[in-house]
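This report refers to the structure that appears directly beneath it.
So you know, we letter chains A, B, ... as the sequences are listed, proteins then strands, and number each from 1. Note: hydrogens, waters and symmetry copies are ignored here, and every other heavy atom, side chains too, is used. If you're wondering where the values come from, they're calculated on a predicted model, not measured in any experiment.
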2 protein chains.
Amino acid sequence: MANRSYGQYCGLALALDRIGDRWTLLIVRELLPGPARFGELHQALPGIATNLLSRRLRDLEEAGLLERTTLPAPANVPVYELTALGRGLGPAVREISLWGVRFMEDAEFRRPANPRSMIMGMSVLASTLPLEGLDSTLHLLVDGYDISIVIDGEKAAFSLGAPTEPDALIETDYEPLVAVVNGRATPDELIADGQIVIGGDADAVVSFFELFRRARESMTVSA
Amino acid sequence: MANRSYGQYCGLALALDRIGDRWTLLIVRELLPGPARFGELHQALPGIATNLLSRRLRDLEEAGLLERTTLPAPANVPVYELTALGRGLGPAVREISLWGVRFMEDAEFRRPANPRSMIMGMSVLASTLPLEGLDSTLHLLVDGYDISIVIDGEKAAFSLGAPTEPDALIETDYEPLVAVVNGRATPDELIADGQIVIGGDADAVVSFFELFRRARESMTVSA
DNA sequence: CGGGATCCGTTACGATACTG
DNA sequence: CAGTATCGTAACGGATCCCG
């Protein structure tokens, strides 16, 4: 389809001529937080064939959405990095994701392919609402991956890696976390039976779960 | 692909499982302004095969994005209409289009498939900027299609059909209009050689072209 | 005539194997 | 590790035919 254009003089059609192929937008998603290597992309995209991945990367490079560069020494490894044009897809990816998160509830459970997609999912949810009254720095440890969450009363920032001075630590696995985020389980019951282990400031922990309770609330209204 | 799921627990992937197929999002675009018949869709989508269109419509119906209904008497014709879930794609379609309009400049010229896509393109462009100081109601007659544009100092509203009390009339064809919107030609020169014919309040006409000049300006900055 | 369904050649995708 | 090559399968595209 990369070569199979819709031939329509329309912003949407011209965009889809470039990003409408299967896998393409997921590749962009993986690259949005920063450059990645071929192997990382292959691992993050469940079951994409290597030939297809390399073809998509070449198409995206020709379309000017990404560049194949080499990390500075001593790394010296080839990576794929979005150009300004590619990064410009951020808002579009966000809106599509926001529309899509409502299906997570009904989806037969699957674990996120990687912590990045988990971060993106939570960010997208959190970005929909004001966060007055919530203020804390959290260390989320999901299935061994460190995630840092900084809520500053206005917005919540999610990133890979452990925060320096967390108010609280939340240690759990994908499944219970997703259940809570979706509202299929309450934090209290999962904490009680040990599926979620918390430490540090109890109020900070509460504010984390409160965030997603609000997000769900605002979604059911607008949907 | 409708059945070929990415299997990723991620908002973007779940969304693309539903709208990632070829043609699907263009069908949604056509239905966003209102219900349409099978034949209208077939005509609006350049060269989609009828079997593919009917399959997409069935998939979209099963996914709950649209409904097949019958217009009230005396029309009594079957139409396809977006559900609330389908209309929820509006912001996503808008963001993708906004990313895509930048390619209209370089695209080898093609005429819009239909006035609706032209309206969407102009709406998307106009929605990016504040419109202080611009205030007018315009009757745009493009290639025989009536388009109404109401600019109220805050936003510009585009719709099919002629306005009741236009301040001005702009009569032209797709090509010169697109050239002006893209900045490849100035309104003055096209008015001078008769490719654009104007009538009514000259200030209102100027405000229309000024709108797109501002839109282009804001795009080159943010891009 | 509008609204599809059927058939068939072509293209894209997916899995595995293989190479620099 | 980072891809390329090969090949079977599924989806797409165009035309034609069917049915109310």
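Between A:R68 and D:dG3 there is a side-chain N or O to OP1 or OP2 distance below 4.0 Å. Using a 4.0 Å cut-off, no side-chain N or O of A:W23 falls inside it from OP1 or OP2 of C:dA12. Dashed line: the shortest gap from a side-chain N or O of B:R37 to OP1 or OP2 of C:dG3 is under 4.0 Å. Distances shorter than 4.0 Å separate some side-chain N or O of B:S54 from OP1 or OP2 on C:dA5.
Of the residues near DNA chain C, A:L52 and B:Y80, the one whose nearest nucleotide (by heavy atom distance) lies more toward the 5' end is B:Y80. The 5' end of DNA chain D is approached more closely, in terms of each residue's nearest nucleotide, by A:R58 than by the other of B:A49 and A:R58.
Remark: B:S159 engages no residue in a side chain to side chain donor-acceptor pair (under 3.5 Å) (not counting sequence neighbours).
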Next on the checklist: Working note: B:L45 + B:R29, criterion side-chain contact (heavy atoms from CB on, under 4.5 Å); need CA distance, chi angles, decisive distance, verdict.
Outcome noted: CA-CA 10 Å; B:L45 271 13; B:R29 176 197 73 189; 3.9 Å; yes
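Within a 6.0 Å sphere centred on OH of B:Y145, heavy atoms belonging to other residues, nucleotides or ligands number 12 at most.
For the pair A:R56 CZ and D:dA2 C1', the computed distance is 18 Å after rounding to whole Å. The interatomic distance linking A:I27 (CD1) with D:dG3 (P) rounds to 12 Å, in whole Å. Across the protein-nucleic acid pair, B:H42 atom NE2 and D:dA15 atom P stand 10 Å apart, rounded to whole Å.
In this structure, B:S97 OG and B:L25 CG are separated by 8.0 Å, a value rounded to the nearest 0.5 Å.
Inter-axis angle, ends of the helix from C:dC1-D:dG20 to C:dT19-D:dA2, five pairs per end, rounded to 10 degrees: 30°.
When the nucleotides C:dG14, D:dG13, D:dG3 are ranked by their closest atom to the side chain of B:R4, C:dG14 comes out on top.
Between the side chains of A:E30 and A:N114, at least one donor N or O lies within less than 3.5 Å of an accepting N or O. Side-chain contact check for B:S136 and B:D167: no donor-acceptor pair (N or O, by modelled atom type) lies under 3.5 Å.
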Tabulate atom names and distances for all N/O pairs under 3.5 angstrom spanning the protein and nucleotides 5-9 of chain D.
from	atom 1	to	atom 2	distance (Å)
D:dT6	O4	A:N51	ND2	3.0

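A:Y6 and B:W23 have perpendicular rings, their planes meeting at more than 60° on a 0 to 90° scale where under 30° would count as parallel.
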